[in-house]
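Inspection log for the structure reproduced underneath, given as structure tokens.
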Amino acid sequence: QSQFVETGGGLVQPGGSLRLSCVASGFTLDYRAIGWFRQAPGKEREGVACIGDRGGHTSIADSVKDRLTISRDNAKNTVYLQMNSLKAEDTAVYYCAASGSCAFSISRFDSWGQGTQVTVSS
């Protein structure tokens, strides 16, 4: 079964940092754009960052711009999300998924993992 395994979430105080990892299981990340998404309780899943298949292109949502950085290591089959200056509103389950392009809508992303919980609270 092809899916991602997301790790690195946890409880962090406002202003703190976390680094999430997304490892592909059962398939290679080569030639796939990888997106990070999050879903807070009672809200729809939203995209926060995406990186192109070779890492040359990245896009970050305006709501988290300047605080989140996405990167990838194809040799390790892993994509990372570095989150700094975390706020309470960043609390959500974070997921990664793959697609042919970062320009595609969320419905065209696949291989969703179980997600990792990020809680920002004092």
Side-chain angles (χ1 to χ4, degrees):
Q1 181 177 0
S2 299
Q3 67 177 57
F4 287 105
V5 177
E6 301 95 338
T7 59
L11 173 64
V12 62
Q13 292 186 342
S17 298
L18 283 175
R19 188 195 196 200
L20 307 184
S21 297
C22 166
V23 180
S25 176
F27 68 104
T28 177
L29 292 182
D30 293 359
Y31 313 115
R32 306 296 305 277
I34 308 301
W36 277 99
F37 302 82
R38 68 185 182 185
Q39 187 165 19
K43 295 187 176 181
E44 292 188 355
R45 192 169 297 187
E46 62 173 348
V48 294
C50 189
I51 187 166
D53 61 350
R54 299 187 184 277
H57 165 76
T58 61
S59 60
I60 307 293
D62 288 341
S63 61
V64 296
K65 199 175 288 284
D66 298 328
R67 297 190 297 115
L68 269 60
T69 303
I70 187 170
S71 61
R72 67 190 292 162
D73 185 340
N74 285 358
K76 294 183 178 179
N77 229 24
T78 302
V79 176
Y80 304 97
L81 185 69
Q82 177 67 42
M83 304 192 296
N84 301 323
S85 302
L86 284 164
K87 305 175 181 180
E89 51 262 45
D90 295 318
T91 295
V93 179
Y94 284 72
Y95 304 87
C96 55
S99 185
S101 170
C102 287
F104 291 167
S105 65
I106 189 172
S107 64
R108 296 182 68 178
F109 280 78
D110 56 36
S111 305
W112 296 88
Q114 296 300 308
T116 185
Q117 175 71 48
V118 171
T119 302
V120 184
S121 175
S122 55

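Quick note: numbers below take in every heavy atom, side chains included, and nothing from hydrogens, waters or symmetry partners. Keep in mind that this is a model prediction, so the values were computed, not measured.
- Taking CZ of R38 as the reference point, atom OG1 of T116 lies at 14.0 Å (rounded to 0.5 Å).
- Taking the six-membered ring where tryptophan is involved, the planes of F27 and F4 are perpendicular, since the angle between them exceeds 60° and thus also 30°.
- Judged purely by atom type and a 3.5 angstrom limit, E6 uses its side chain to pair as donor or acceptor with the backbone of C96.
- Atom CG of residue N77 and atom CG of residue L29 lie 4.0 Å apart, to the nearest 0.5 angstrom.
- Residues L68 and V118 are members of one and the same hydrophobic cluster, defined by side-chain heavy-atom contacts under 4.5 angstrom among Ile, Leu, Val, Met, Phe, Trp and Tyr.
- In the hydrophobic cluster analysis, where Ile, Leu, Val, Met, Phe, Trp and Tyr join through side-chain heavy atoms closer than 4.5 angstrom, V64 is grouped apart from F37.
- A distance of 10.0 Å separates OG in S17 from CZ in R67, rounded to the nearest 0.5 Å.
- T91 places a side-chain N or O within 3.5 Å of a backbone atom of V120 that can act as its donor or acceptor partner.
- Follow the hydrophobic side-chain contacts under 4.5 Å out from L20 and you never reach V93; the two are in separate clusters.
- By the 6.0 Å contact criterion, NZ on K76 is open, its count of non-hydrogen atoms from other residues, nucleotides or ligands being 12 or less.
- Both L18 and V48 are members of a single hydrophobic cluster when ILVMFWY side chains are connected at heavy-atom separations under 4.5 Å.
- Remark: side-chain polar atoms of R72 are paired, donor with acceptor, to backbone N or O of G52 under 3.5 angstrom.
- Taking both residues in full, the closest heavy atoms of A33 and C50 are given as CB-SG, 4.4 Å, listed atom of the first, atom of the second, then distance.
- Although no hydrogens or angles enter the test, the distance criterion places a donor-acceptor pair under 3.5 Å between the side chain of S99 and the main chain of R108.
- Using a distance-only test at 3.5 Å, with no hydrogens or angles considered, no donor-acceptor pair links the side chain of D53 to the main chain of D30.
- For residues 72-96, there are no ring-ring contact (aromatic ring centres under 6.0 Å, His included) pairs, not counting sequence neighbours.
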